[in-house]
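To start, the structure under review is shown below, and the notes come after it.
Residue numbers run from 1 in the order of the sequence given.
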Amino acid sequence: MIVQSPRPKRSKNAQTPSEERPSRPQPQAAAGFFAPKNPAGPSDPIPSSSPAFATPVHPLKPFQPPVLTKAAILPIILPPATLRPLAFRTFTKKHSLTLTSTALQELATFIGRHCGSGWREEGLAEKVLEEVARSWKNRNGGVIVEGNSPELKDILKNLEGNMSGGKILTGPRSLSRQNSLLLEPDQDEQHAHTRLGLRPVQSLTREDSNASFGMSGLEFTEEPEDDSVRDVRRWLKVIHAFDQPRLTYNVGKKHFERDPSKPSLLPAASHKTDAFRNRYNVIHQRILRNEAFQSSSVQGSSLRQRTTANGLSSHKITPIANLLGRHGTHHMLLGMLVVLPTGSLAISDLTGTITLDLSHAVAIPEDSAWFTPGMIVLIDGVYEEEEETMTMGNGLSGSSGVGGTIGGRFQGFFIGQPPCEKRRVTLGVSGPDGSGADHTIGGGFGWIDFLGVGSERAVGSKMRKLEHRILRQPALLEDGRPSRGRVVIIGELNLDQPRSLQALRKILGLYASDPEGCTPMTFVLAGNFTQHAVMARGGSGGSIEYKEFFDALASTLADFPSLLTTATFVFVPGDNDGWVSAFSGGAATPLPRKPVPDLFTSRIRRVFAAANAEGGLANPGKETEKDAGKRKGGEAVWTTNPSRITLFGPSHEMLLFRDDISARLRRASVRLKNTSKAPVEPEPPTSNDNDDSAMDNQCPPSSLPDAPDADDEDMADTTMTDAMDVDSAPAPNQKATMLPPPSIPYDVLAARKLVKTILDQGYLAPFRQAIRPVHWDYTSAMYLYPLPTAMVLVDTTAPPFCVTYEGCHVMNPGSILVPGRKGAARWVEYELPGVGGMGTGGGRVRECTF
């Protein structure tokens, strides 16, 4: 309410205020105070100055950031040939990318439209090309940049909306975290405003703005201060086979690409051919990268085995279709061993099939690997045409084109596995473990994210720094305490045998007594969880009894709450586990297979939830608002067969696989000629701690290449050091008959033979589909390329072992109950390399009595 004081009455003659006498100061002063207010009022909502509001006399005006206006750019027509030198320096020399003509045309059009005539003088085009190249790598686009690819169009579309005056903005309208450019000096005062009107203290650096595409999913921080982040299990991830990225090798681009099609358990028949083609292409490109198959261009092309730069013999692979009309010539074939409808053995590649004669073939090295139909092998021999073929001229019998069975036969003299490739060579990492400031080298597939946890070149170095900070602290290595980075691998656990639960209780009791913070991070328990296929009424019982077995396991685990709250338990099913065993009856099931259904494992999950709740921990995967700030508790993960465990991104990869593959190899192997009358003499072990005792790699001069180097064939059994210590080779001036070499136990030879076969094949099921079926759309989960850092092969038909081959540590715990010994339990303890007290790491077979 406004109170107005009475005004003096004005005479009728007074018409205007200007006629009032100025000698009256009071009415004149009061007129401005009691003047009527403007009905519109001021736009400023801040009240006026008064003691009641305690506001300043002159209120601050709200900050209004200047409106960014795009500078006018006069578009030009930029020929692609003019832009080619600059694009070559940026894409090819700096980022190891290849631009196609269509991609160069797209970039020239984009730069000419948005950068104008200043693309060269002001350096605008170079920064645009730099941003496009980095964005292409972050999207995992491949080595070859295609102009019609949707990735390049999406990159240019996002870049177009963040450019002003030919320059890339980094303020509110900037690019996302993938932006790698800095603010220009003249743009800092104009474009660095934030929404609240506050200016940053310093501009973004290149390292902060160029966040890797793999790091965003890992939530990596340089200085992890939170206890949950410092926990090693925070960086552990179990990857199911059906969740693994499906990659195919593109022969034209020489690069791996994601398969965009939707997978199916019942695909079309053509997918079987695609699976074989992709498997062949992966092994073929791996062989061509080997030094033994790289010849010098200055050598004569008529020689079958040319000489490389280092003096070694070079080999050349001949397609089967090229054998036509080349009777009596020597060739080396790469193909899959198949069985023809007539029952004879043959070899097949992408061009054709030919009958194979291995009656005089010798394995190289001698008795070092298995050879079964379904494997891709190298065979050196002579092509022999049939007499009818030579006279009639029929090249393909039973077919009219390339891809049929070629007439004649191929007489094989030497047969061997394709040489394996180390993981660091595949990923392009220098050093034994990729340590060091500059840990990447040219070549390899370092930018490929094979498991969905980030590529090696994107997050590898940062993850190794984090691993060194968390696990390899000097205080933890010097006091001799057990390492946190341990994985306990328990073999076949038959729950229908009471003695198995007693052995498990004994093993868990040993680790429960470890000091706090030193318990193992992971326990791996493998099936078969029943001796027979209970779901198919095998043995005695059914689904009800099958669930009761897991309830008994839950009761055993509940007695060790300290392990349940600090470790991750991973359960790998076998062929006798449900549901797939309901129709297979315990026979070989298609791989990969799904985990045990939650219907049978519900009580085990409740045991973990109760242990975490009692300890005040959060249940992994079921965090709520109440669990904010709580430490992550233990969990039970029921995974597929096979599956993978990654630790610190791509730094550590452990493959889990349960299969009696050794017995299957013995049943389906091809019998070869045995020329040796005595056991093969192995080479002496080297003195280097990083190398293990080497295998025999002697081969005839004209035979197949055994492996890239002798050091690459290193293998060792860490549990049988006495058996692996063989005498050194005699000096050249000494007689070789001084001391006979000691015999190597059969278990060591069998372990070496099994490991070399699987890793050289790079495939977990190198058999025919009738023997070991595989889902055609999920063959990517069966590949061993690149080689994992560790592999758990649970095979009860093979002796327990821990063997290292080509940098891959393979372990087989066998069964938890030692056959032939009552009251004995066996398992494998694996320690990450460099985190233990000795700093060596690796696995070892352990036993105890109960």
Side-chain angles (χ1 to χ4, degrees), residues 70-170 175-176 178-182 184 206 209-210 212-213 249-257 285 288-289 297 428 440-448 455 457-458:
K70 288 190 176 182
I73 291 295
L74 182 62
I76 64 172
I77 299 178
L78 181 61
T82 307
L83 185 65
R84 182 178 288 111
L86 182 59
F88 177 78
R89 289 197 304 266
T90 304
F91 278 82
T92 304
K93 287 191 174 182
K94 188 174 182 180
H95 295 280
S96 301
L97 298 175
T98 303
L99 275 177
T100 61
S101 58
T102 57
L104 184 61
Q105 177 66 37
E106 290 288 338
L107 293 175
T109 304
F110 181 85
I111 293 175
R113 183 187 304 119
H114 296 89
C115 297
S117 58
W119 68 274
R120 187 197 301 269
E121 290 77 7
E122 301 179 11
L124 303 179
E126 183 178 0
K127 295 177 181 179
V128 171
L129 294 176
E130 178 74 17
E131 182 62 33
V132 172
R134 290 183 178 275
S135 300
W136 179 269
K137 281 188 173 182
N138 290 346
R139 292 170 179 262
N140 196 13
V143 178
I144 300 179
V145 182
E146 296 285 352
N148 54 358
S149 61
E151 291 84 2
L152 181 60
K153 295 180 180 179
D154 190 23
I155 291 173
L156 296 180
K157 183 178 179 181
N158 295 336
L159 196 60
E160 181 180 1
N162 293 274
M163 295 186 63
S164 176
K167 300 178 181 179
I168 302 177
L169 307 181
T170 55
L175 297 176
S176 61
Q178 297 178 358
N179 181 27
S180 60
L181 301 182
L182 305 180
E184 297 294 337
R206 181 179 299 273
S209 58
N210 183 24
S212 170
F213 67 98
Y249 184 75
N250 191 320
V251 180
K253 297 182 178 180
K254 293 180 172 48
H255 200 68
F256 284 91
E257 297 179 345
Q285 65 87 22
L288 296 182
R289 289 155 53 94
S297 59
T440 59
I441 58 178
F445 303 100
W447 285 109
I448 303 299
S455 62
R457 295 198 177 184

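Annotation for Tyr249 and Lys254: closest pair OH-CA, 3.4 Å, computed over non-hydrogen atoms. Across Trp119 and Ile111, no two heavy atoms sit closer than the pair CB-CG2, 3.8 Å. The minimum heavy-atom distance linking Ala458 with Ser455 is given by the pair CB-OG, 3.1 Å. The two residues Lys127 and Ile168 make their nearest non-hydrogen contact at O-CD1, 4.2 Å. The two residues Cys115 and Val128 make their nearest non-hydrogen contact at SG-CG2, 4.0 Å. Smallest separation of non-hydrogen atoms from Pro85 and Thr82: CD-O, 3.5 Å.
Side-chain atoms of Thr90 never come within 3.5 Å of backbone atoms of Ala87 as a donor-acceptor pair (strictly under, hydrogens ignored). Side chain of Asn158 to backbone of Asp154: a donor-acceptor contact under 3.5 angstrom is found. Judged by distance alone, with hydrogens and angles left aside, the side-chain atoms of Thr92 form a donor-acceptor pair with the main-chain N or O of Leu97 at under 3.5 Å.
Partners of Lys253 according to the side-chain hydrogen bond (donor to acceptor under 3.5 Å, both in side chains) rule, which considers only residues two or more places apart in sequence or in another chain, are Glu257. A search for side-chain hydrogen bond (donor to acceptor under 3.5 Å, both in side chains) contacts involving Gln105 returns Thr109, not counting sequence neighbours. The side-chain hydrogen bond (donor to acceptor under 3.5 Å, both in side chains) test applied to His95 returns Glu130, not counting sequence neighbours.
Separation of atoms CG (Leu124) and CD (Glu122) is listed at 5.0 Å; rounding is to 0.5 Å. Note that CZ of Arg113 is 11.0 Å distant from CE of Met163, once rounded to the nearest 0.5 Å. Phe110 contributes atom CZ, which lies 4.5 Å from atom CG of Leu159 (distance to the nearest 0.5 angstrom). With values rounded to the nearest 0.5 angstrom, Leu78 atom CG is found 10.0 Å from Leu107 atom CG. With rounding to the nearest 0.5 Å, the separation of CG in Leu129 from CZ in Phe91 is 5.5 Å. Expressed to the nearest 0.5 Å, how far CG of Leu83 lies from CD of Glu126 amounts to 11.0 Å.
Crowding of Gln285 atom CD: a count of heavy atoms from other residues, nucleotides or ligands under 6.0 Å exceeding 12.
Ring geometry for His255 against Phe445 counts as tilted: the plane angle lies between 30° and 60°, on a 0 to 90° scale.
With respect to Leu152, the side-chain contact (heavy atoms from CB on, under 4.5 Å) criterion is satisfied by exactly one of Thr102, Val132, Thr100: Val132.
Side-chain contact between His114 and Glu160 is present, with at least one heavy-atom pair separated by less than 4.5 Å.
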